[in-house]
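Shown next, in structure tokens, is the structure this report addresses.
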Number of protein chains: 6
Amino acid sequence: MGFFDMPLEQLRDYRPDIAAPDDLESFWRDTLGQARALPIDARFERVETALTLVDTYDVTFTGFGGTRVKGWLHVPAGTDTALPGVVEYIGYGGARGLAHQNVTYALAGYAHLIMDTRGHGWWAAGDTPDDSGELGTPGVPGLMTRGISDPSSYYYRRLYTDAARAVDAARSVPLIDPERVVVTGGSQGGALALVAASLVPDVAGVMSDVPFLSHFDRAIGLTGRDPYNEIVRYLSRYRDQVATVRRTLSYFDCATLVGWATAPALFSTALMDETCAPSTVFAAFNRYAGDDKRIEVYEFNDHEGGAEHHQLVKFAWLRELLGRL
Amino acid sequence: MGFFDMPLEQLRDYRPDIAAPDDLESFWRDTLGQARALPIDARFERVETALTLVDTYDVTFTGFGGTRVKGWLHVPAGTDTALPGVVEYIGYGGARGLAHQNVTYALAGYAHLIMDTRGHGWWAAGDTPDDSGELGTPGVPGLMTRGISDPSSYYYRRLYTDAARAVDAARSVPLIDPERVVVTGGSQGGALALVAASLVPDVAGVMSDVPFLSHFDRAIGLTGRDPYNEIVRYLSRYRDQVATVRRTLSYFDCATLVGWATAPALFSTALMDETCAPSTVFAAFNRYAGDDKRIEVYEFNDHEGGAEHHQLVKFAWLRELLGRL
Amino acid sequence: MGFFDMPLEQLRDYRPDIAAPDDLESFWRDTLGQARALPIDARFERVETALTLVDTYDVTFTGFGGTRVKGWLHVPAGTDTALPGVVEYIGYGGARGLAHQNVTYALAGYAHLIMDTRGHGWWAAGDTPDDSGELGTPGVPGLMTRGISDPSSYYYRRLYTDAARAVDAARSVPLIDPERVVVTGGSQGGALALVAASLVPDVAGVMSDVPFLSHFDRAIGLTGRDPYNEIVRYLSRYRDQVATVRRTLSYFDCATLVGWATAPALFSTALMDETCAPSTVFAAFNRYAGDDKRIEVYEFNDHEGGAEHHQLVKFAWLRELLGRL
Amino acid sequence: MGFFDMPLEQLRDYRPDIAAPDDLESFWRDTLGQARALPIDARFERVETALTLVDTYDVTFTGFGGTRVKGWLHVPAGTDTALPGVVEYIGYGGARGLAHQNVTYALAGYAHLIMDTRGHGWWAAGDTPDDSGELGTPGVPGLMTRGISDPSSYYYRRLYTDAARAVDAARSVPLIDPERVVVTGGSQGGALALVAASLVPDVAGVMSDVPFLSHFDRAIGLTGRDPYNEIVRYLSRYRDQVATVRRTLSYFDCATLVGWATAPALFSTALMDETCAPSTVFAAFNRYAGDDKRIEVYEFNDHEGGAEHHQLVKFAWLRELLGRL
Amino acid sequence: MGFFDMPLEQLRDYRPDIAAPDDLESFWRDTLGQARALPIDARFERVETALTLVDTYDVTFTGFGGTRVKGWLHVPAGTDTALPGVVEYIGYGGARGLAHQNVTYALAGYAHLIMDTRGHGWWAAGDTPDDSGELGTPGVPGLMTRGISDPSSYYYRRLYTDAARAVDAARSVPLIDPERVVVTGGSQGGALALVAASLVPDVAGVMSDVPFLSHFDRAIGLTGRDPYNEIVRYLSRYRDQVATVRRTLSYFDCATLVGWATAPALFSTALMDETCAPSTVFAAFNRYAGDDKRIEVYEFNDHEGGAEHHQLVKFAWLRELLGRL
Amino acid sequence: MGFFDMPLEQLRDYRPDIAAPDDLESFWRDTLGQARALPIDARFERVETALTLVDTYDVTFTGFGGTRVKGWLHVPAGTDTALPGVVEYIGYGGARGLAHQNVTYALAGYAHLIMDTRGHGWWAAGDTPDDSGELGTPGVPGLMTRGISDPSSYYYRRLYTDAARAVDAARSVPLIDPERVVVTGGSQGGALALVAASLVPDVAGVMSDVPFLSHFDRAIGLTGRDPYNEIVRYLSRYRDQVATVRRTLSYFDCATLVGWATAPALFSTALMDETCAPSTVFAAFNRYAGDDKRIEVYEFNDHEGGAEHHQLVKFAWLRELLGRL
């Protein structure tokens, strides 16, 4: 489709009005409060992998509604003191995978905690059920419309809460320095990183790549690609629920939630990204509350974004950031 | 793809060996027993529609695990005595829809009960949550792999049970003659009709069109079309669960269950059906226990099968069958 | 593609200039005059179906050029007095189908006359040949370019005339009250309903869903989907006929013809309809001459439009309208 | 799809039984007799083109049912004596095009007559209406099912007759030597060349490339590609007409008609041709009555067949053949 | 996609600023100088074809870097004096093909020289290797990114030079009048014709259809179709080379080079051309230096453009032009 | 497509006859001899990456025809003694990528040398030109047909030689124990691993996943997927080169070359792999000369094969193998 969204100059100034519900703050305060009322009970059990350079732990902690959320923690082999930590969230459809699949940040010397994604796992294996909420009336295949008829039952209420609790879990383990926890991820993972930085504003930093779940109103009418389009398919059948769904989504729009986020931030976007259009990413970036923020723009990429090139940018940004702390 | 399956002569004799688990009978006896231990509590509330020729009732009954399963009951306007009943099940992705959408059998003078499909509803609206089972570890989008790691948690355990209970519900309402309940449906609905006739063998008849969920072992390797292919996608990721999944499916294979079905039966299949290949339908037909059975073959159709032409065949078969009772 | 057309606010005001030929009125006066010069000779033969709640008649009447046009008439079983009538036209590619396939308005208590579509019948069976006109030089597959080199030979001259004559036929049968005939249809059927209301302005009402054949000039350059795109394919080969084709189409543009239509009207459109784009529907709606008009907008639907939800709106609008008469 | 049909060794021996109707001979004798009862009235009017090396004539002759069939005749500029002639038929969807588009055989020194294809013209312009037959009840888009409910009304009865009459027309012009008329074409054109050689067995030769309309029974169930698949689509809707359509097609099967053809023949086929599968071509080749026949096999081609390479084979075969006469 | 580019009125005035490198002129002066420093050594060897009306010569001349570039020369049979010449360049993916495939302009009485395309030949056979340049680091499949890291190694430096040298070669043969050489081609061939007219400004005329390689900056972000999209794919992987690639392309933009072209010119474009969008063609047309220029616009065509209809326009334009000389 | 190839039982016994050229051995002896006549001149330059657990070296060595082939060498940080080495080759379209992208085997404690792929680099960046051979006449896009008209100029002659020389290079560096070099890769990389084990039979082991370039004769006619299908496209145009191409390929068929390979071997294949069909993989496996061989079969996977699950099998096999040495 070529460049289907606004030109870059316009994107840099794009600050759409996005209606937020009056009770947004109390919704999340209550939600997080209930979640934190349960003990985190984070367990880290050493597992054997073939990777001799890394020590890996099978992680389990209590997420939304008591669900035991899984994860992996990787640290350089032999680590026994607190390292700066990177908490990584996974993109739509994926999950933590097998123990040896992803040790990127441990390789660079950090404690690397990967949060599993409840109910997910079709391009990477998952081990966490989405068992703590009402599924409500049926949605279309995928998870975008699970429980979408009310904010309280919406799937992302549970997952956003897990994301915040993963930071709590990371801070509870002696191998991680609680003052130096950075959150990151791409696509849905990029959204969860923003959510974590919004709900747990004292994280040390956030690196959010081609984030999803941002500026829903524009996103669902822009390109017709999944997963945003799951919502369109749902509304094309349940024509009487347009206002209901819009209301639910207003509680989960990253472009709104980032009004609470103040940690140093590195975003990335791609101008040919038809999955998470650049205007929806810039909406979040431009409305991000913190001043110490920067966005890398990849001109000719689709949703893969900056990939291996951007990883280098992230490694450098991370080193610089943690050097400052 | 043209004729991708066996030639018709071969299909007529196709009786594959399909391994059945030793405890198949007890599995279903126990499952059904537990379900029937709960009161059916079938409610029929009159609703207004614009259809003046038909009286419509909003149906609710207790299915698997206590889930309140929805449905519609349509009868000719003014009916107040027991009519022969047709219980209809819906195809994959669909559900009971709105009250006025489907009154086919009421139009022909029968009491027409449509069972809603738990957790479904993307091409027709659904109102029944799939809330009574463990979702287990994540599956791929769609419902084919929900809880597939064990027969006890598999989605179709719940839905098959609902199908049997829908017959019980139909038999509980004064507007339906319990001796003259026929079950029917197409695709997943055709499978559910076979399941109902297998688990409730004293139904008066079964009309199963292009049935799904039959002869899994062949089906999942034959054409690569969804929904069977959801299982392939799942196994392509969870490579270590092939035997587990095969075991689970062996409890739900219609081509096995129909060994218990004895009611008069009308099947239909289409030779270019790449969704539910004709060999998988003939596997069920040829292994169906009852002798009073017949299959209509539509030579040049894909999964739409005989559609409006076959509806005429069904009306005639039904009249003839009920005339005999 | 998401929202590919104008935003809703703009659509509501969209009144494009569309050039009309000087002799438009005489063209249609003459065409209709010639057609009405032939006796309508409407026959209604009772046929048996399995639908015991409905009496069905096989309809034949004289359409354009003497062609005997088929149809079905359904009335509530036992009807022997005049009912309000609904004349329904079918979408592109379809035709009247089998006798039992569609009795929607009879179910709601009306006399329901379905007009067959000459030369059509690929997604529903047709029985009316397009045998009264010159086919002229070849067009591309489909019927959009049949005889398109001149208004007098264009396929839609014949079909539009049939649509008007179907109202005449409906008014000729004792089971229908001639003062209370409403025309309806979706897509091509929606266009034919508008045409009938334009050529026979004293119909009691018109319900036109996602109408086709409107604002050709915009439609053929907007999305590239069939059937409008048949015209593009034709012009891509017959490059020397662009002006000729534009001239022909100017006689058949519903957005022009509705300047003659004054009956109460209910339109519907869908904002993601790439087959009949919302701006082409609003062009017809905004230029519709009658003041008693209303349009339902389905935000997240493609060409399926409001479907079962809109059917409820139509039933209610119809009841209200006929209540007023 | 790779090699989807039989291996070459099997193809060489493939002689399927194909049922022929008892009255096949009288059907064609009568059809041709009626056509020839009308005067051919072949007109050749010189037209100007920019091609200075070729003299071009606009051809008109009387085909089936009196239709005036168009064509082009090209001869080397200044030709005024009789040359050997090549009559060329065009593939499905195409027609004679513009005057300057195709002068292949004139370039090689022959009189080159191109027959227009009635009712066709979507990838090359056509000028001949299909106006002499009953269109009958509607078929699906395209021409494969026009009038297919009876051999007498089937589209190909008209076109096959035109093909034979084109030879008559060619023989009537002084610029062509009637003893040295060769017929040729590819796909539908290849079928028409076989038909001409079957109905006018004293043509001097036939060159048939990747011929269509052969061994229908196998063709329509083999790959699902158009245009054969138009028949499948028709039968998928008109399920009650399978036997009727099979009967009609039995009068038009090139693999049967070639039992009457005795002229020297050059066939070509391609092993990856999914439009006109090699087994259907070999069925015609192996059943071709004449002994002087040969087939070129292109191993890795789809329906484009031998194209420019095979043109060289044809030029050489033609020179050798005409040298013998 | 319908009309995806600007409306025609805007296109007519579209004169984008396109940055040209400072050393553009010296780059091409040097490149051409080096090429012309090698003797052209044009050979014309008579070959036999079956086309008796045309004499054909196998052409070989020295192109960029000493590569022996192939071609065909066709003249009316028996020609032995100098004719006006048409030099034709081939579209992307094609090459000179076999000797008998294309004699269009010889048929119209001209000497027709077809230049082979180095390294090309997938939809028509090619015989010229791309053996005189450094291939440089790998590009994506196709030729658009071969050597793209520097203007000196870019594939099109070699091909553009060949195009200019083909004019030199044409002028060296006694069968062609060097004062009356017109260059032509479609798509890539249309670009090469513009390049030849820019680098060899004293050609007698240029006919450029739907030209490629023009206004790169807009082209690569407009529709996402190959071959322009090969550049996008390259940049999506080699994210660090965006500026490098832009710089390279700036030396090869036909919309810039035509600032040097002054010969009479006939352009053509199509408004639905998603391969070479009309705005990129108008950019070249509007910036073409010569005043004697004209553009034909085909409204409803994609990249096939005016095809057989435009050929007539070209024949007429050519005759008129050469009549003036 | 489901299971499109033979059933597993048949695959296990599938030992096709594959014609080998008489001079196969001398061809490869000479080719390798010439390559080894040039000094390997392997350079290993330490580069900085962000990966603190690994030391990375930029590798350069002399491959076929003097081309300087690039690569990466990764070892556990601080390694200064000889480790067992794993030489990895990359799949079609990919290349060595950036320095930090793939350190899999270093993570497991091995010296991991990744060979860049000459001329490749579209899904991962490449740095090695294919500059040492004649490109010959043009092929289709991609590298499968580059120089295919003769074994001596075929692209894979150069790449296969590089693969053997990569082992030589690995053995020349002090960080790798020359007695314990294992070769591996997937798809094209799996083929190159087999080639290395065939041309350098004293490697310690080979792990070949879903290998490409095996049993060409079957592969090119089986599914129509690229890259094998590049050969089909080439032959569909260059119809006169079928025998030539078959001859060339016979020198490069892994299913033949493995007749020289004796090292312990671990293969993997997937039964739904339409890119490298299981029968072509089993052809190589069953004809592999060494006795110590094993193949893992992934039933429901396409060309991704065993992926993360098979990586575990490989780690275990490798540890066991190297433990034995």
Side-chain angles (χ1 to χ4, degrees), chain B residues 47-56 72 74-79 83-84 86 94-112 114 121-127 207 300-302 304 306-323, chain C residues 47-56 72 74-79 83-84 86 94-112 114 121-127 207 300-302 304 306-323:
Chain B
V47 293
E48 283 313 301
T49 73
L51 309 184
T52 56
L53 303 195
V54 172
D55 291 347
T56 295
W72 301 115
H74 308 289
V75 292
T79 299
L83 294 173
V86 177
R96 68 170 185 165
L98 303 192
H100 68 286
Q101 281 188 267
N102 171 10
V103 299
T104 306
Y105 294 98
L107 265 166
Y110 303 102
H112 182 188
I114 296 164
W122 48 96
W123 57 257
D127 298 295
M207 304 184 294
F300 294 99
N301 286 90
D302 197 337
E304 74 282 358
E308 70 269 28
H309 287 94
H310 190 62
Q311 188 59 54
L312 297 177
V313 175
K314 289 172 75 173
F315 279 140
W317 185 87
L318 198 52
R319 192 163 43 227
E320 197 276 334
L321 172 78
L322 293 170
Chain C
V47 292
E48 284 312 302
T49 72
L51 309 184
T52 56
L53 303 195
V54 172
D55 292 346
T56 295
W72 301 116
H74 307 289
V75 293
T79 299
L83 294 174
V86 177
R96 68 169 184 166
L98 303 193
H100 68 284
Q101 280 188 268
N102 172 10
V103 299
T104 307
Y105 294 98
L107 265 166
Y110 304 103
H112 183 189
I114 297 164
W122 49 97
W123 56 258
D127 297 295
M207 304 185 293
F300 294 99
N301 286 90
D302 195 338
E304 73 282 357
E308 71 269 27
H309 287 94
H310 190 61
Q311 189 59 54
L312 297 177
V313 175
K314 290 171 75 173
F315 279 140
W317 185 88
L318 197 53
R319 191 164 44 228
E320 195 275 336
L321 172 78
L322 294 170

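Owing to the predicted nature of the structure, the values given are computational and were not obtained by experimental measurement.
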Using non-hydrogen atoms only, which part of C:A124 is less than 4.5 Å away from chain B: side chain, backbone, both, or neither? neither
Can you tell which of B:L98, B:V54, B:T49 has the highest number of heavy-atom pairs within less than 4.5 Å of chain C? B:L98
Strictly by salt bridge (Lys or Arg N to Asp or Glu O under 4.0 Å), give each pair with a member in residues 306-318 of chain B just once, sequence neighbours left out. B:D209-B:K314, B:E308-D:R237, B:E308-D:R239
What distance separates C:L107 CG from B:H74 NE2, expressed to the nearest 0.5 Å? 10.0 Å
Closest non-hydrogen contact found for C:T52 with B:A108 is OG1-C, 3.3 Å
C:L51 versus chain B, heavy atoms under 4.5 Å apart: side chain, backbone, both or neither? both
Non-hydrogen atoms of C:P76 and B:L53 that approach each other most closely: CB-CD2, 3.7 Å
